[in-house]
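In what follows, a single structure is set out as C-alpha cells and then discussed.
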Amino acid sequence: MEIWQREVARIRSTTKLTIGLFSCCEAEWPEQKRRYEQADKEIVCYRRESGQIWYVGIPRKEWPPSARALLSLLLSPEQPGASSDQTDAYRDWLRSCFQTGTVDRTTAIEPPWQWYEARACFLLERQRAEAPADLSYWLQLLNDFVSSSEQKVTLFPLDHRDLLLLVPISLFPEVEKNGQSDSQLWLDWAAGLHELLSSEAGETVRVLVTVPAVRPQLLPETMQRFSRLRHAINRFLPRITVAATWQHSLEQWAASLDPSLTEALASSLQSLVYSHQLSEDQWEMIETFCRHNLNTSEAARALFLHRNTLLYRLDKLAEVTKLDLRHFPDALLLLLAAMFRQND
C-alpha cells in the first residue's frame with residue numbers, strides 16, 4: 001500500500017483535486033462500498049490484502065473525464081488477481097441479463113475489474129451470423145475508429161450474434177464539451193459504427209446505444225435496456241439499423257404486453273381501422289407521418305411526395321376511416337393499428 005499512498009499524495013498535490021486512500025475489513029466492504037457510491041463518489045481501484053480492503057476513491061463531479069483518464073497511468077484500474085474465470089462468470093451473468101431481459105439480484109456477481117471512468121455502451125447485433133465474426137479484425141477497426149491512443153475498447157461476445165462494445169468516454173472528444181447526456185452525440189457515434197462495420201468488415205449489423213455506464217456494477221441494467229429495445233425493434237421495426245434505448249418508447253411498451261392483452265387490442269382495432277382494408281401505400285403513409293412527428297413537410301419529403309399531394313391523401317384517409325392522422329389521438333390509434341398489423 002506504500003506505493004498507492006505515495007501516488008495518491010502526489011496526484012492530490014499535482015492536480016489539487018480530491019482523492020483519498022481508504023480501508024475497511026472484508027466483512028464491511030459491501031456496505032461501505034454501497035454507501036460510498038451512493039454519495040456520488042467513485043472507487044477508482046481496490047485491493048484485498050491481509051483481510052483488509054484498500055481502495056482509492058474520488059468525488060465524481062469534481063473529476064472531469066480527461067483528468068480521470070490520467071489515473072490509469074498511475075493506479076491499476078483492476079483488482080490484482082482477477083482471473084479469467086471471474087471475467088467469464090461475469091460475462092455469463094451479463095449474457096443472462098440480456099437474454100432474459102431481467103436482472104437476477106440473487107445471483108449477482110461482483111465485477112472482476114474496476115473502472116477509473118465511465119464507459120459508452122453499444123450493442124452490435126449481427127444480422128447474418130452464419131460464420132463467426134473475426135473479432136481481432138473488429139477490435140482493430142474499432143480502436144482505430146474511436147482513437148489512435150493506447151487506450152483500448154472492450155468487445156464482449158455475448159453469443160455468436162451479439163457483441164457488447166464498451167469504450168472509455170475520454171476517447172470521445174465531444175463529451176467534455178456537450179456532456180454524457182447529449183443523446184444526439186451517442187446516436188451519431190452509433191451511426192458511425194454501423195457505417196464502419198458495414199463498409200470495412202462487410203457485416204450487416206444493427207447498432208444499439210444506451211446511456212454510458214459510470215461503473216461496471218450498472219452493466220446488468222444496461223443489458224436489460226438493450227434487451228427491451230432489441231425485442232421491440234425485431235417485432236415492430238425490423239428495418240431500423242441504428243437506435244437508442246431512449247427511443248421507440250411506444251414500441252417498447254407494446255412489445256412488453258401480455259399476449260392476451262395484445263390480442264384484445266388488435267381485436268378492438270379491427271372495427272376501427274382494419275375493416276377498412278387500407279392499401280399498402282396508406283399504411284406506409286401512416287407510419288411515415290407518425291415517425292416524423294406529424295410534420296407534413298418532413299413526411300412528404302420522406303415519402304417523395306409534394307406536400308399538397310400528401311394533404312390530399314390525408315383527407316382521403318380521414319374520409320374512409322373517420323380518423324384524422326393530423327390529430328394526435330387519431331394518429332396514435334392508426335400507429336398502433338400499423339404496429340399490430342405487422343404481427344397478425
Side-chain angles (χ1 to χ4, degrees), residues 101 125 181-188 190-191 194 206-211 224-344:
E125 181 185 355
S181 60
D182 188 333
S183 57
Q184 190 57 50
L185 182 155
W186 300 119
L187 276 169
D188 289 345
H194 174 267
R206 178 183 292 145
V207 180
L208 308 183
V209 61
T210 189
V211 295
Q224 188 180 36
R225 289 194 295 271
F226 277 142
S227 178
R228 287 197 297 262
L229 177 61
R230 189 180 75 159
H231 180 50
I233 287 178
N234 286 340
R235 184 172 178 186
F236 297 115
L237 304 163
R239 289 177 291 181
I240 282 184
T241 56
V242 175
T245 56
W246 55 84
Q247 295 180 310
H248 312 300
S249 53
L250 182 64
E251 287 80 5
Q252 292 191 56
W253 166 79
S256 70
L257 295 177
D258 184 89
S260 60
L261 182 54
T262 300
E263 185 178 345
L265 282 170
S267 177
S268 298
L269 291 166
Q270 173 62 37
S271 59
L272 287 171
V273 183
Y274 296 143
S275 60
H276 300 295
Q277 298 182 342
L278 302 181
S279 68
E280 289 300 321
D281 286 344
Q282 287 176 310
W283 286 117
E284 182 184 9
M285 178 180 67
I286 290 169
E287 293 178 356
T288 304
F289 196 74
C290 290
R291 303 296 173 216
H292 288 82
N293 301 313
L294 313 189
N295 186 300
T296 305
S297 298
E298 291 183 8
R301 280 193 292 272
L303 291 166
F304 302 102
L305 296 175
H306 190 279
R307 188 174 183 277
N308 290 341
T309 302
L310 178 57
L311 290 172
Y312 171 77
R313 294 186 181 182
L314 290 171
D315 289 337
K316 295 297 291 183
L317 178 69
E319 186 179 311
V320 171
T321 63
K322 311 304 179 188
L323 296 170
D324 191 338
L325 195 56
R326 289 159 290 195
H327 296 164
F328 177 75
D330 292 352
L332 182 58
L333 275 175
L334 288 165
L335 179 58
L336 285 172
M339 288 166 51
F340 289 116
R341 165 181 172 267
Q342 299 171 4
N343 294 272
D344 289 343

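Heavy atoms only: backbone and side chains are in, while hydrogens, waters and symmetry mates are out. Position 1 is the first residue of the sequence, and the numbers go up from there. Values in this document were obtained by computation on a predicted structure and should not be read as measured data.
Summarising the geometry, atom CD1 belonging to Ile233 is positioned 10.5 Å from atom CZ belonging to Phe226; distances are rounded to the nearest 0.5 Å. The CG atom of Asn295 lies 12.5 Å from the SG atom of Cys290; values are rounded to the nearest 0.5 Å. Going from atom CG of Leu229 over to atom CG of Leu208 covers 5.0 Å, rounded to the nearest 0.5 Å. Interatomic distance, CG of Leu272 versus NE2 of His276, reported as 7.5 Å (0.5 Å rounding). Rounded to the nearest 0.5 Å, atoms NZ (Lys322) and CG (Asp330) are 12.0 Å apart. One finds the CZ atom of Arg326 at 9.0 Å from the CG atom of Leu317 (value rounded to the nearest 0.5 Å).
Ala243 and Leu187 get closest at one heavy-atom pair: C-CD2, 4.2 Å. Scanning all heavy atoms of the two residues, the minimum distance from Ala255 to Ala232 falls at CB-CA, 3.8 Å. The minimum heavy-atom distance between Leu334 and Trp283, with the atom names listed, is O-CZ3, 4.2 Å. In terms of heavy atoms, Glu251 sits closest to Leu237 at CG-CD1, 3.8 Å. Across all their heavy atoms, Leu294 and Ala331 have their closest contact at CD2-CB, 3.8 Å. For Thr288 against Ala299, the heavy-atom pair with the smallest separation is CG2-O, 4.1 Å.
Ion pairing of Arg313 with Glu284 is absent here, as no side-chain N (NZ or NE/NH1/NH2) approaches a carboxylate O to less than 4.0 Å.
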Exercise for the section: Evaluate side-chain contact (heavy atoms from CB on, under 4.5 Å) for Leu336 paired with Leu265, printing each intermediate quantity in order. Expected result: CA-CA 9 Å; Leu336 285 172; Leu265 282 170; 5.8 Å; no
Practice task
Run the numbers on His231 and Arg228 for side-chain contact (heavy atoms from CB on, under 4.5 Å), then give the verdict.
Solution key: CA-CA 5 Å; His231 180 50; Arg228 287 197 297 262; 5.9 Å; no
Exercise for the section: Applying side-chain contact (heavy atoms from CB on, under 4.5 Å), run through Ile240 and His248 and close with a yes or a no. Expected result: CA-CA 11 Å; Ile240 282 184; His248 312 300; 3.5 Å; yes
Handout entry: Stepwise side-chain hydrogen bond (donor to acceptor under 3.5 Å, both in side chains) test for Arg206 and Asn234
Key = CA-CA 11 Å; Arg206 178 183 292 145; Asn234 286 340; 2.7 Å; yes
Practice task
Check the pair Thr245, Trp186 against side-chain contact (heavy atoms from CB on, under 4.5 Å), reporting the backbone distance first and the verdict last.
Solution key: CA-CA 11 Å; Thr245 56; Trp186 300 119; over 6 Å; no
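The backbone N or O of Ala266 sits nowhere less than 3.5 Å from a side-chain atom of Tyr274 that would complete a donor-acceptor pair.
Taking the six-membered ring where the residue is Trp, Phe236 and Phe340 present perpendicular rings, their angle passing 60° and hence far from 30°.
At most 12 non-hydrogen atoms from other residues, nucleotides or ligands lie less than 6.0 angstrom from CD of Glu263. Summarising the local packing, CD of Gln270 is surrounded by more than 12 heavy atoms from other residues, nucleotides or ligands at distances under 6.0 Å.
Using a 4.5 Å heavy-atom cutoff, the side chains of Leu250 and Met339 are in contact.
Ser279 and Asp281 share no donor-acceptor pair across their side chains, judged by distance under 3.5 Å alone.
Exactly one residue among Leu325, Thr321, Leu269 makes a side-chain contact (heavy atoms from CB on, under 4.5 Å) with Leu333. That residue is Leu269.
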